[in-house]
Amino acid sequence: PKALSTCLNLLLDSNRVDLARKLLLHAKRDLTRKPNVCVFNILVKYHCKNGDLDSAFEIVEEMRNSEFSYPNLVTYSTLMDGLCRNGRVKEAFDLFEEMVSRDHIVPDPLTYNVLINGFCRGGKPDRARNVIQFMKSNGCYPNVYNYSALVDGLCKVGKLEDAKGVLAEIKGSGLKPDAVTYTSLINFLCRNGKSDEAIELLEEMKENGCQADSVTFNVLLGGLCREGKFEEALDMVEKLPQQGVYLN
RNA sequence: ACGCGGCU
């Protein structure tokens, strides 16, 4: 089943769906190679990626009927993410509750993050904040992914000060903001003609021991160029190799 | 071997 999962992922990633189907049919016939949870989860994810949630739910039904696998936390998180990416956050939350009550599965920070991102994509970071409150009340501690998602959600609706507040909250809770956290803020500044403030943040992240990566610089370079600061941009590009950063 | 956050 391990080899099967790996092969399926490779085939689906390269869009060889026909071959993936054949492979799966063979595996189902072979008693020693029964598809396990991981294999099913890969299929669920594949259908979600195509926005075909009906098929994804069919796979889950198949899992429930199978002797060899049953929906687990990954299955639910994947499905919830598929729903959220299609704007169906309410249903994702219903599914979350079903997961807990019907299958007695305990959500982890990643599961909550799917909901946080669902709300943020919908331009409702306040709801996302409620999810963080909710997970805490369930004894689940938010990680940097959770907070970064919220920071980005706040930036996307222009609430820079609130986003900075969350940055402080991250530090206060003993977590370390990472390049993703900072890049969301830098991105907002760059898109609003504030590359100078963005560069201040870049300095701040360095002081906090956080290494900027290629996405951070991509964003910064875009901001500088948009403001016509081409010399500064070139200067920045020239200094990238010394920082071990290579643009893609 | 399977699920979540930043640019495109």
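Naming: A, B, ... by sequence-line order, numbering from 1 per chain.
Straight-line distance from the CG atom of A:N187 to the C1' atom of B:G5: 13 Å, rounded to whole Å. The distance from atom NZ of A:K156 to atom P of B:G6 is 6 Å, rounded to the nearest whole Å. When rounded to the nearest whole Å, the span between CE of A:M80 and C1' of B:G3 equals 10 Å. Regarding A:L12, its CG atom lies at a distance of 15 Å from the C1' atom of B:G3, rounded to whole Å. For the pair A:F96 CZ and B:G3 P, the interatomic distance rounds to 20 Å; values are reported in whole Å. Remark: P of B:A1 and CZ of A:F68 are 22 Å apart, rounded to the nearest angstrom. Rounded to whole angstrom, the span from the CG atom of A:L23 across to the C1' atom of B:A1 amounts to 13 Å. Separating the CD atom of A:E169 from the P atom of B:G5 is a distance of 21 Å, rounded to the nearest angstrom.
Of the candidate nucleotides B:G6, B:C4, B:G3, B:C4 has the atom nearest to the side chain of A:N117. Side-chain atoms of A:Y145 lie closest to B:G5 of the nucleotides B:A1, B:G5, B:G6. Among B:A1, B:G3, B:G5, the nucleotide with an atom closest to any side-chain atom of A:A149 is B:G5.
Below the 3.5 angstrom threshold, one finds no donor paired with an acceptor across the side chain of A:S184 and the base of B:G6. Taking only distance into account, the side chain of A:D178 never meets the base of B:G6 through a donor-acceptor pair shorter than 3.5 Å. For A:D213 against B:G6, a side-chain N or O and a base N or O form a donor-acceptor pair under 3.5 Å. Side-chain atoms of A:N41 and base atoms of B:A1 include no donor and acceptor less than 3.5 Å apart.
Among the protein residues, A:P109 comes within range of no part of the nucleic acid, since none of its heavy atoms lies under 4.0 Å from any strand. Counting non-hydrogen atoms under 4.0 angstrom, A:T181 reaches a base of the nucleic acid. At the heavy-atom level, A:T78 lies under 4.0 Å from the strands shown only through sugar-phosphate atoms. Counting non-hydrogen atoms under 4.0 angstrom, A:A179 reaches a base of the nucleic acid. The residue A:N9 sits close only to the backbone: its heavy atoms come under 4.0 Å of sugar-phosphate atoms, none of a base. As judged by a 4.0 angstrom heavy-atom cut-off over every strand, A:T111 is placed among the base-contacting residues. Counting non-hydrogen atoms under 4.0 angstrom, A:L115 reaches nothing in the nucleic acid. Within the 4.0 angstrom heavy-atom criterion, no nucleotide atom of any strand lies near A:V44.
No option in A:L10, A:L23, A:L11 other than A:L11 meets the side-chain contact (heavy atoms from CB on, under 4.5 Å) test with A:R16. Checking A:D103, A:T111, A:V100 one by one against A:Y76, the side-chain contact (heavy atoms from CB on, under 4.5 Å) holds for a single residue, A:D103. Among A:N146, A:N138, A:N143, the one residue that satisfies the side chain to side chain donor-acceptor pair (under 3.5 Å) test with A:Y112 is A:N138.
Here A:F40 does not pack flat against the base of B:C2, since the 5.5 angstrom centre distance and 30 degree tilt limits are not both met.
Summarising the geometry, atom CZ belonging to A:F96 is positioned 9.5 Å from atom OG belonging to A:S77; distances are rounded to the nearest 0.5 Å. For the atom pair A:L8 CG and A:N41 CG, the distance stands at 12.0 Å (nearest 0.5 Å).
Remark: the A:R121 side chain and the A:N117 side chain contain no N/O donor-acceptor pair separated by less than 3.5 Å.
Residue A:K45 has no polar side-chain atom (N or O) positioned under 4.0 Å from OP1 or OP2 of B:A1. An OP1 or OP2 oxygen of B:C4 is reached within less than 4.0 angstrom by no side-chain nitrogen or oxygen of A:R121.
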Acceptor/donor pairs from residues 177-184 of chain A side chains to any protein atom, 3.5 angstrom cut, sequence neighbours excluded:
from   : atom 1 : to     : atom 2 : distance (Å)
A:D178 : OD1    : A:V180 : N      : 3.0
A:D178 : OD1    : A:T181 : N      : 3.1
A:D178 : OD1    : A:T181 : OG1    : 2.9
A:T181 : OG1    : A:S148 : OG     : 2.8
A:T181 : OG1    : A:D178 : N      : 3.0
A:T181 : OG1    : A:D178 : O      : 3.4
A:Y182 : OH     : A:N208 : ND2    : 3.4
A:T183 : OG1    : A:A179 : O      : 2.5
A:T183 : OG1    : A:T216 : OG1    : 2.9
A:S184 : OG     : A:D152 : OD1    : 3.0

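A salt bridge links A:E204 and A:K171; the closest N-O separation between the charged side-chain nitrogens and carboxylate oxygens is under 4.0 Å. The existence of a salt bridge linking A:D18 and A:K22 is excluded, since no basic side-chain nitrogen approaches an acidic carboxylate oxygen closer than 4.0 Å.
At a non-hydrogen distance threshold of 4.0 Å, A:N218, A:V219 from residues 217-248 of chain A come into contact with RNA chain B.
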